[in-house]
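This report concerns only the one structure given below.
All chains are named by letter (A, B, ...) in the order of the sequence lines, taking the proteins before the strands, and each is independently numbered beginning at 1.
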Amino acid sequence: MSKYYLTTPIYYVNAAPHIGHTYTTLVADTIKRLKAMQGIEAYLVTGTDEHGQKIERAAAKIGKSPQEYTDLISAEFEQTWKQLGLSIDKSQRTTSPQHAAAVAKLFAACDAAGYIYKGSYTGYYSVTSEAFVADAKEGDVDPDSGQPLELVTEENLFFKLSAFQDKIIELHETNPQFLQPDSRRNEVLAFLKNEKLQDLSISRTTVKWGIPVPEHPGHVFYVWFDALMTYWSAVEGTDLWPADLHLMSKEIVRFHAIYWPAFLMAAGWPLPKRIYSHGWLLFEDNKMSKSRGNIVRATPIQKVMGFDALRYFLLREIPFGSDGSFSFDALVARYNSDLANGLGNLLSRTLSMILQYREGKVPAPVEADASAIPVALAHYENFEFHKALETIWRWIGDLDKYIVENAPWKLAKDSSPEAQARLDAVLYRCFESLRLITALAAPVIPESAAKIALQLNIQGPLTWGHTPQGHAIGEISPIYPRLDAKVAIEQMKTLEDEELARQNTLLGKVEEAPVVNIPPIAETISIDDFVKVDLRVGIVLSAENVKGADKLLHLKIDIGEPTGPRTIVAGIAKAYSPESLINRKVVIVANLAPRKLKGIESQGMIVAASLEGGSPALAAFLEEVPIGARLK
RNA sequence: GCCGGCGUAGCUCAGAGGUAGAGCGAGGGUCUCAUAAUCCCUAGGUCGGAGGUUCGAGUCCUCCCGCCGGCACCA
């Protein structure tokens with residue numbers, strides 16, 4: 001029996017599991033079941049990434065040790081997967097000692113091959129991203145999260161990522177299947193070809209919560225060197241490595257498609273065979289985020305309509321690989337039309353006719369068209385779940401039509417041998433089709449497929465005609481009760497609130513006002529230091545976009561100097577249109593050394609408050625202030 | 001600015017040179033085996049815009065507009 005090893009990403013434990021985590025994991029579960037259908041023994045690994053400063057701080061904030069904190073959240077993940085019935089073979093935690101030993105092995109192998117060296121690094125560090133932010137300066141914020149940066153200098157161990165540029169390019173060029181879909185592959189290739197890879201800092205001395213680097217006291221492994229190894233450590237000692245498939249969402253593709261193969265190449269270990277990225281799951285076309293409060297969890301949905309409904313929805317509605325949008329309305333609509341009125345009703349009418357007209361015994365086999373089977377399987381093979389399901393459901397539609405066209409209820413009243421023979425044929429076709437449809441859909445809707453199989457009282461292979469004459473059907477009962485959309489959505493939302501409250505209690509969170517995260521106050525300076533900074537009131541005379549830059553505005557600002565207005569280039573184009581700035585009074589740093597931006601010399605800098613996401617809000621006055629006034 | 005992707009019926013999308021399609025929703029009708037389910041009919045959408053190639057263009061070419069990614073850019 002051949003084997004297939006696939007992974008979900010290692011989820012970061014800064015939040016309890018939500019529908020985004022569930023999406024990836026459910027796809028992995030579906031693929032595993034598909035493999036099983038083909039007689040391939042698939043092994044599914046998921047896990048949690050539990051190290052890092054962010055965890056350290058989050059734990060401290062609620063008065064727990066990092067270990068207690070991660071125990072709590074990783075248990076939430078495992079509990080959720082179990083509750084949802086996902087077929088996970090192993091949940092690997094980065095805090096496991098065995099994993100730590102595996103990371104040490106990778107390190108030793110890379111070191112022995114000469115790809116590790118010691119260096120020092122000074123830079124602005126984002127705690128939220130756990131990364132140094134390139135070219136950052138004082139006062140900058142994380143470009144993604146808007147959180148403040150901290151200036152950090154430390155001695156680090158470096159991995160010679162730069163040595164692998166050509167090899168990684170070659171990997172992607174010679175093996176287009178390595179990274180899919182193509183859009184992601186193109187992005188990574190474009191990046192690799194235009195950007196010189198920098199060596200990667202793989203250790204930290206400022207963080208305690210991590211795996212200690214052997215023979216380098218005080219050093220702890222830094223996120224990717226630690227986290228990616230989970231895929232390997234989870235199956236250490238088995239013959240499962242290399243992985244056949246790493247599944248993930250698109251924002252972490254680069255780490256998997258560049259760092260991970262480079263680490264393995266350095267160590268001389270086999271590379272995974274395939275990386276496949278899906279898109280983002282949006283909530284009614286918005287990004288899900290804590291601050292929007294629109295994060296959805298899977299378990300409330302499970303309670304109202306069954307987890308299969310969510311599985312079916314996500315796989316049928318979203319072309320795998322693309323971004324997709326979740327909404328309760330669409331979910332319930334799919335459930336009612338495809339599951340209740342479609343599959344559920346077809347099962348119900350078919351079995352009920354067999355019961356009424358043939359005393360619950362399936363008539364003799366007849367031939368029929370089952371060409372949907374290979375088509376659906378081919379789509380599955382390409383991870384085109386939505387097409388596979390579309391194919392299967394078209395079969396269901398054809399059967400409903402077939403039933404009406406043949407009107408078995410009329411045939412039943414006609415005692416002629418011809419009519420009775422036709423009735424037998426109709427019933428057999430419906431029954432056997434249903435058996436095959438259920439088998440085909442089972443990887444996506446495993447729980448209800450099992451229930452249906454019970455009612456059919458038979459399973460068997462994916463070949464037509466397996467059900468023998470006289471086969472007795474099981475007991476009939478509705479699989480997917482029709483739902484009132486309004487009521488169901490209300491229930492799900494209520495359960496969602498309860499679940500959120502439960503998680504908050506679990507994590508010791510109190511209802512708090514929106515988290516105010518102010519940047520740390522900078523080092524104390526003297527008044528002399530301060531007066532060195534010359535802040536002036538100026539007025540914007542003209543403003544235009546800078547060609548070739550999204551964020552830059554080219555401004556002429558008058559601060560009353562005899563030499564005339566100054567040219568200032570400011571990164572505020574995303575927040576302000578040029579027209580809106582004309583005649584507006586602003587504050588500028590007037591004695592900042594000039595600097596060229598996109599070929600234009602900027603003679604100063606505009607003062608603005610830095611908001612979440614890094615977007616600026618210009619300083620202004622409530623009173624009338626004259627041009628040229630100094631701020632002090 | 002560069003590189004990708006996308007823009008087709010109310011919604012989700014398919015179609016890739018030869019008389020505009022599916023599913024869902026909505027409206028009307030029908031059967032009665034079935035979960036007020038099924039089935040049938042109905043949508044008349046300048047196929048983002050403008051040019052061009054062609055006997056003929058959602059379908060090829062050029063330009064433009066809008067949206068989404070990636071890169072650059074934020075002193």
Side-chain angles (χ1 to χ4, degrees), chain A residues 133 135-141 143 181-195 250-251 253-254 279-280 282 285 316-319 321-325 327 329-330 333-334 336-357 386-387 389-390 393-394 396-397 399-412 423 426-427 430 476-483 545-553 568-575 588-589 592-599 602-608 610 614-616:
Chain A
V133 177
D135 302 325
K137 62 169 192 317
E138 190 173 352
D140 275 359
V141 296
D182 281 332
S183 49
R184 298 278 94 78
R185 175 173 170 263
N186 293 340
E187 277 170 21
V188 165
L189 268 173
F191 176 81
L192 283 166
K193 287 180 176 172
N194 298 327
E195 209 72 14
K250 63 188 184 185
E251 74 270 16
V253 162
R254 191 175 294 174
W280 279 328
L282 308 172
D285 295 332
R316 172 66 185 86
E317 190 90 1
I318 304 170
S322 317
D323 288 354
S325 151
S327 79
D329 285 339
R334 274 281 174 205
N336 276 335
S337 72
D338 293 9
L339 296 177
N341 298 352
L343 178 56
N345 184 242
L346 178 63
L347 174 75
S348 185
R349 66 197 307 205
T350 298
L351 292 184
S352 147
M353 284 191 286
I354 291 173
L355 183 66
Q356 291 174 46
Y357 304 148
H386 70 296
K387 288 189 183 172
L389 293 172
E390 192 186 354
W393 257 257
R394 193 176 308 123
I396 292 174
L399 287 169
D400 273 328
K401 192 170 182 174
Y402 172 73
I403 290 173
V404 171
E405 280 168 359
N406 287 279
W409 46 93
K410 283 183 185 156
L411 296 172
L423 178 56
V426 170
L427 295 178
C430 289
I476 308 170
S477 75
I479 301 286
Y480 305 107
R482 224 185 126 75
L483 293 176
N545 288 305
V546 174
K547 256 178 99 174
D550 282 354
K551 295 189 179 175
L552 299 181
L553 286 184
I568 290 186
V569 179
I572 55 173
K574 293 227 161 152
I588 69 163
V589 182
L592 196 66
R595 150 131 192 197
K596 269 198 172 178
L597 284 170
K598 282 277 168 189
S602 181
Q603 301 155 332
M605 163 183 161
I606 287 208
V607 176
S610 198
S615 92

Return whichever of A:Leu343 or A:Asn194 has its heavy-atom-nearest nucleotide of RNA chain B closer to the 5' end. A:Leu343
Indicate, with a heavy-atom threshold strictly under 4.0 Å, whether A:Ala570 touches base, sugar-phosphate, or nothing. sugar-phosphate
OP1 or OP2 of B:C40 sitting under 4.0 Å from any side-chain N/O of A:Lys401? yes
Applying the 3.5 Å cut-off to both distances, the Watson-Crick or G-U partner of B:G21 turns out to be B:C13
State which of B:C74, B:G69, B:C33 makes the closest approach to the side chain of A:Arg184. B:G69
Closest nucleotide of RNA chain B for A:His386 versus for A:Ser183: which of these residues is on the 5' side? A:Ser183
Under 4.0 angstrom, heavy atoms only, what part of the nucleic acid is A:Arg394 near: base, sugar-phosphate, or nothing? nothing
Using the side-chain heavy atoms of A:Asp550, tell me which of these nucleotides is nearest: B:U35, B:A72, B:C74. B:A72
Identify whether any heavy atom of A:Glu405 sits under 4.0 Å from a base atom; if not, whether one sits that close to sugar-phosphate; answer base, sugar-phosphate or nothing. nothing
Scan A:Asp400 against the nucleic acid and name what it touches under 4.0 Å (heavy atoms): base, sugar-phosphate only, or nothing. sugar-phosphate
Among the nucleotides B:C33, B:A72, B:G69, whichever has the atom closest to the side chain of A:Glu187 is B:G69
Listed nucleotide nearest any side-chain atom of A:Glu195, set B:C71, B:G70, B:C73: B:C71
Is the phosphate of B:G69, meaning OP1 or OP2, less than 4.0 Å from a side-chain N or O of A:Arg254? no
Sequence-distant partners of A:Glu251, side-chain contact (heavy atoms from CB on, under 4.5 Å), two or more places apart: A:Ser249, A:Trp280
Sugar-phosphate, base or nothing in reach of A:Ala333, heavy atoms under 4.0 Å: nothing
If you check every side-chain atom of A:Ser337, which of B:C24, B:A37, B:U32 has the closest atom? B:C24
For B:G45, what is the paired nucleotide under Watson-Crick or G-U wobble rules, both distances under 3.5 Å? none
Report which part of the nucleic acid A:Gly342 touches: base, sugar-phosphate, or nothing (heavy-atom distance under 4.0 Å, all strands). nothing
Check: A:Thr350 side chain, A:Leu346 main-chain N or O, donor-acceptor pair, under 3.5 Å: yes
Watson-Crick or G-U wobble partner for B:C31, using a 3.5 Å limit on both distances? none
Identify the nucleotide, in any strand shown, that forms a Watson-Crick or G-U wobble pair with B:G1, with both distances under 3.5 Å; if there is none, say none. B:C71
Over all strands shown, is A:Leu597 touching base, sugar-phosphate only, or nothing at heavy-atom distances under 4.0 angstrom? sugar-phosphate
The side chain of A:Asn186 lies closest to which of these nucleotides: B:A34, B:G4, B:C71? B:G4
Would you say B:A36 has OP1 or OP2 under 4.0 Å from some side-chain N or O of A:Arg482? no
What's A:Tyr480 touching, base or sugar-phosphate or nothing? Going by heavy atoms closer than 4.0 Å. base
Applying the 3.5 Å cut-off to both distances, the Watson-Crick or G-U partner of B:A36 turns out to be none
Output the single nucleotide from B:A34, B:U35, B:C71 whose closest atom is nearest the side chain of A:Ala340. B:U35
Across every strand shown, the nucleotide meeting Watson-Crick or G-U wobble geometry with B:A50 (both distances under 3.5 Å) is B:U62
Test item: A:Asn336 side-chain N/O and A:Leu483 main-chain N/O as donor-acceptor pair under 3.5 Å: yes
